[in-house]
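Down below is the structure, laid out as structure tokens.
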There are 2 protein chains.
Amino acid sequence: MATLRDVARRAGVSIATVSYVLNGTRPVSPEVEARVWEAVVALGYRPNRLARGLRRKRTHVLGLIVPDSANPFFAEIARGLEDLSFAHDYSLILCNSDGDPAKEQRYLGVLIEQQVDGIALVSASATPAHLALLQERGIPFVVVDRDLPGLEADCVLADNFQGGYLATRHLLDRGHRRIACITGPSDLTPSADRVRGYRKAMEEAGIEPLEVWVRRGDFRAESGYHAACFLLSLPPSVRPTAIFACNDLMAIGTMRAIGEAGLSIPRDIALVGFDDILLASYVIPPLTTVAQPTYEMGRLAGELLLRRIQARDRPPARHLLSVRLVVRHST
Amino acid sequence: MATLRDVARRAGVSIATVSYVLNGTRPVSPEVEARVWEAVVALGYRPNRLARGLRRKRTHVLGLIVPDSANPFFAEIARGLEDLSFAHDYSLILCNSDGDPAKEQRYLGVLIEQQVDGIALVSASATPAHLALLQERGIPFVVVDRDLPGLEADCVLADNFQGGYLATRHLLDRGHRRIACITGPSDLTPSADRVRGYRKAMEEAGIEPLEVWVRRGDFRAESGYHAACFLLSLPPSVRPTAIFACNDLMAIGTMRAIGEAGLSIPRDIALVGFDDILLASYVIPPLTTVAQPTYEMGRLAGELLLRRIQARDRPPARHLLSVRLVVRHST
DNA sequence: CTCACGAGGTTAAACGTTTAACATCATGAA
DNA sequence: TTCATGATGTTAAACGTTTAACCTCGTGAG
């Protein structure tokens with residue numbers, strides 16, 4: 001609770017001098033400097049960042065909005081961003097939108113009021129309309145993971161199309177022809193791009209995927225389970241011999257369904273996931289999956305943010321991070 | 001960027017009046033109130049929380065320090081706390097200590113400077129010394145998951161002792177006598193308490209556990225694998241027929257070791273884990289484990305924090321949340 | 001001996017709120 | 001008629017910093 005004034009009084013100087021010593025913003029004589037430091041440690045002085053932020057119009061705080069920070073994928077992004085923030089002496093405010101645009105909007109408001117220096121967000125809505133709020137106020141932001149069509153802004157994405165393509169190609173190379181795909185909510189670009197990659201690979205192989213092979217999920221394990229149950233119930237002639245699940249959680253749900261059906265992976269059904277979450281290597285059999293540089297995405301988002309805070313009017317940067325197929329034992 | 005002054009000017013009143021309207025802290029005539037609101041929306045006015053915090057000495061921001069927010073256990077706690085914070089219009093600053101007391105200390109400093117209203121932490125160090133910083137400044141805080149001996153403070157813990165006891169009892173009830181235990185780093189109270197529960201149950205059953213049955217791990221899957229390999233290599237007469245792993249990750253490592261040894265779960269060896277992470281229900285066979293109310297712990301931590309912010313000098317509350325045995329097919 | 005200058009200190013005005021204290025005015029009781 | 005009262009507005013002082021502007025010396029050049 002000691003304030004600049006207290007330190008100044010104890011050191012017998014003005015508060016301006018103390019400030020100069022603390023920030024090194026102006027030369028101060030050695031004796032005075034020593035007295036000031038003595039007072040600082042004696043009083044356990046800590047600068048008040050609110051006051052500083054108010055005056056400097058820079059808070060050294062960033063905001064992160066994700067649909068669900070308990071989801072390992074977003075948790076990893078958050079971790080990457082937090083690490084970068086800490087390294088640059090920024091703090092991070094964490095927000096969960098639950099995929100609800102209205103909640104996201106409220107959080108944007110809070111972050112603005114909190115005067116954060118920048119915002120990273122995995123947007124809950126598919127259109128960039130709600131970001132006008134940020135743009136007109138000139139608040140730096142970067143969109144992560146999900147592309148917003150027609151938005152002029154920094155963004156960092158994984159190459160989901162490429163990922164879907166690689167996964168499917170891998171299954172095709174293993175000799176599979178009847179390959180199913182369990183998608184995410186289709187209006188989210190990561191999901192849609194993965195499916196596009198799947199279709200592209202199939203097309204290149206001269207296969208027209210049956211409509212029933214493409215099942216819609218919601219990125220949660222439960223939905224993968226249900227989709228897989230449906231696929232397994234198809235008549236043998238059209239039943240898929242391989243499944244590409246658009247994320248690992250749904251792949252794990254799929255594993256359960258396959259196990260319960262008394263089938264074996266990969267002998268009866270091959271399986272590829274997406275994300276390479278930690279669990280993927282621990283399930284039995286270990287899951288072949290497409291790894292995204294999740295942590296890296298968080299870090300990079302932070303870097304772009306800091307860079308833009310420095311120079312507000314650089315042209316927007318678009319980063320497409322490449323993914324990589326991790327072959328394990330489920331294929 | 002519009003400020004109170006701008007709103008006041010447009011509405012033709014003083015800034016005090018605007019403040020009263022916005023906060024409803026004093027009655028204002030209907031016409032004036034209407035003019036103020038008109039100006040507020042026209043200008044897109046947003047209060048500056050820094051200024052407000054500076055003046056009110058309340059920021060409506062909480063801090064959370066965990067070892068690793070990407071770890072699903074802590075991520076879930078964070079989620080619980082964040083949800084509660086949002087519901088009460090608080091923001092949450094997320095900090096990762098990496099289990100390093102020095103880093104934790106730096107974060108404490110940052111949070112203090114940030115003038116957070118309260119701090120929840122899963123402490124990285126085993127002694128409460130570093131919390132003196134908070135106590136002498138009277139900053140509300142609550143310790144979560146890990147107990148700090150001799151600390152007078154709010155805390156929320158899972159009943160790890162009970163969990164260890166339940167797990168072991170369950171194995172005893174199944175007829176097992178030679179039961180091993182794979183522990184975590186022993187200086188962390190959650191791990192130590194689980195082992196105590198194990199010993200208590202064994203003692204009640206009149207069994208003196210052999211020293212070799214208690215193997216130390218580090219909560220990671222790899223260490224569970226190694227510990228299990230050792231246990232399986234024991235001569236048949238003392239080789240355990242059941243294993244209690246102090247967390248699910250190590251249990252999963254154990255499963256791998258058992259599988260590689262050509263043994264079957266639960267026929268040859270029964271297995272119980274701890275935590276009930278998502279994966280536990282997806283491995284084959286699904287893992288019997290002890291579930292902690294993780295999300296609840298986060299929420300409760302938030303509740304205690306807010307309660308203490310209201311009334312700083314209540315006696316400290318100690319919450320021991322009960323755990324529950326989830327029986328699946330590994331036993 | 002002046003005087004410009006640099007070094008090293010201080011003063012005071014912001015930053016955007018909240019809130020105690022004060023001003024004004026109509027109202028109704030005495 | 002007078003005056004306390006309540007309703008509703010304003011003024012100005014905080015909150016804890018940063019920083020431009022100013023002040024005061026001693027020093028060395030002219």
Side-chain angles (χ1 to χ4, degrees), chain A residues 1-37 39-40 43-61 89 109-117 137 139, chain B residues 1-37 39-40 43-61 89 109-117 137 139:
Chain A
M1 318 258 198
T3 119
L4 261 197
R5 192 188 317 292
D6 301 323
V7 175
R9 184 161 31 223
R10 184 180 227 270
V13 295
S14 72
I15 66 172
T17 301
V18 178
S19 176
Y20 291 134
V21 170
L22 260 44
N23 299 306
T25 36
R26 259 192 45 184
V28 168
S29 74
E31 318 86 279
V32 168
E33 176 157 1
R35 289 214 313 277
V36 167
W37 282 118
V40 163
L43 298 175
Y45 169 78
R46 296 251 176 201
N48 180 324
R49 296 207 188 197
L50 295 190
R52 184 194 304 237
L54 183 57
R55 174 64 219 233
R56 284 220 195 129
K57 294 174 166 308
R58 283 289 203 81
T59 52
H60 264 232
V61 175
D89 196 31
V110 170
L111 292 179
I112 289 175
E113 295 181 4
Q114 213 76 247
Q115 315 291 121
V116 296
D117 289 343
R137 284 169 198 256
I139 298 177
Chain B
M1 317 261 196
T3 122
L4 262 198
R5 191 189 317 292
D6 301 323
V7 175
R9 183 160 33 221
R10 184 179 228 268
V13 296
S14 72
I15 65 172
T17 302
V18 178
S19 176
Y20 291 134
V21 169
L22 260 43
N23 300 306
T25 35
R26 261 193 43 184
V28 168
S29 74
E31 319 87 277
V32 169
E33 176 157 0
R35 289 215 312 277
V36 167
W37 282 119
V40 163
L43 298 175
Y45 169 78
R46 296 254 176 197
N48 180 325
R49 296 208 187 197
L50 295 190
R52 181 192 308 231
L54 184 57
R55 175 62 220 233
R56 284 221 195 127
K57 295 172 167 310
R58 283 288 203 80
T59 52
H60 264 231
V61 176
D89 195 32
V110 170
L111 293 178
I112 289 174
E113 295 181 5
Q114 214 76 247
Q115 315 292 121
V116 296
D117 288 344
R137 285 169 198 257
I139 298 177

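Chain naming here is simple, since letters A, B, ... match the order of the sequence lines and numbering starts at 1 in each.
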With side chain to side chain contact (heavy atoms under 4.5 Å, CB included) as the test, would you mind laying out the steps for A/Asn23 and A/Arg52 before giving the verdict? CA-CA 11 Å; A/Asn23 299 306; A/Arg52 184 194 304 237; 3.6 Å; yes

Quick one, B/Val28 with B/Val36, criterion side chain to side chain contact (heavy atoms under 4.5 Å, CB included). Give me CA distance, side-chain angles, the key distance, then yes/no. CA-CA 10 Å; B/Val28 168; B/Val36 167; 5.9 Å; no

Trace of the side chain to side chain contact (heavy atoms under 4.5 Å, CB included) decision for B/Trp37 with B/Val21: CA-CA 8 Å; B/Trp37 282 119; B/Val21 169; 3.6 Å; yes

A/Thr59 vs A/Gln114, side chain to side chain contact (heavy atoms under 4.5 Å, CB included): CA-CA, chis, key distance, verdict: CA-CA 9 Å; A/Thr59 52; A/Gln114 213 76 247; over 6 Å; no

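B/Ser14 has a side-chain polar atom (N or O) that falls below the 4.0 Å cut-off from OP1 or OP2 of D/dT10. Contact annotation: A/Thr3 reaches the phosphate of D/dT17 (side-chain N/O to OP1 or OP2, under 4.0 Å). The side chain of B/Thr17 contributes an N or O atom lying less than 4.0 Å from OP1 or OP2 of D/dT10. Distances shorter than 4.0 Å separate none of the side-chain N or O atoms of A/Ser19 from OP1 or OP2 on D/dT19. Listed pair A/Lys57 / C/dG16 meets the phosphate criterion, a side-chain N or O lying under 4.0 Å from OP1 or OP2.
C/dT18 atom C1' lies 14 Å from atom NE2 of B/His60, rounded to whole Å. In this entry the distance linking CG of A/Leu22 with P of D/dT18 reads 7 Å, nearest Å. Atom-to-atom, CG of A/Leu4 to P of C/dA12 comes out at 17 Å; the value is rounded to the nearest Å. The CD1-P distance, from B/Ile15 to C/dG16, rounds to 11 Å in whole Å. Between the CD atom of B/Gln115 and the P atom of D/dG16 there is a distance of 9 Å, rounded to whole Å. Separating the CZ atom of B/Arg5 from the P atom of C/dT17 is a distance of 9 Å, rounded to the nearest angstrom.
Across all their heavy atoms, B/Thr3 and B/Tyr45 have their closest contact at C-CE1, 3.5 Å. Contact record, B/Thr25 with B/Ser19: OG1-O, 4.2 Å, taken as the closest heavy-atom pair. The nearest pair of heavy atoms linking B/Leu4 to B/Val18 is CD2-CG1, 3.3 Å. The nearest pair of heavy atoms linking A/Leu50 to B/Gly53 is CD1-C, 3.7 Å.
Of the inter-residue distances, the one linking A/Arg26 atom CZ with A/Thr17 atom OG1 reads 7.5 Å to the nearest 0.5 angstrom.
Classification of A/Asp89 and A/Arg49 as a salt-bridged pair holds, one side-chain N sitting under 4.0 Å from a carboxylate O.
At the heavy-atom level, B/Arg58 lies nowhere under 4.0 Å from the strands shown.
Shown here is A/Arg137, whose CZ atom has more than 12 heavy atoms of other residues, nucleotides or ligands within 6.0 Å.
Comparing the end axes of the helix from C/dC1-D/dG30 to C/dA30-D/dT1, each fitted to five base pairs by superposing C1' atoms of four pairs onto the next four, gives an inter-axis angle of 60° (nearest 10 degrees).
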Counting primed atoms, P, OP1 and OP2 as sugar-phosphate and everything else as base, the B/S/- map of nucleotides 20-28 of chain C against protein heavy atoms under 4.0 Å is BB-------

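With hydrogens and angles disregarded, a donor-acceptor distance shorter than 3.5 Å links the side chain of B/Arg35 to the backbone of B/Ala11.
With the nearest nucleotide of DNA chain D identified for both A/Met1 and B/Pro27, B/Pro27 has the one nearer the 5' end.
Within residues 48-55 of chain A, the residues approaching DNA chain D are A/Asn48, A/Ala51, A/Arg52, A/Arg55, by heavy-atom distance under 4.0 Å.
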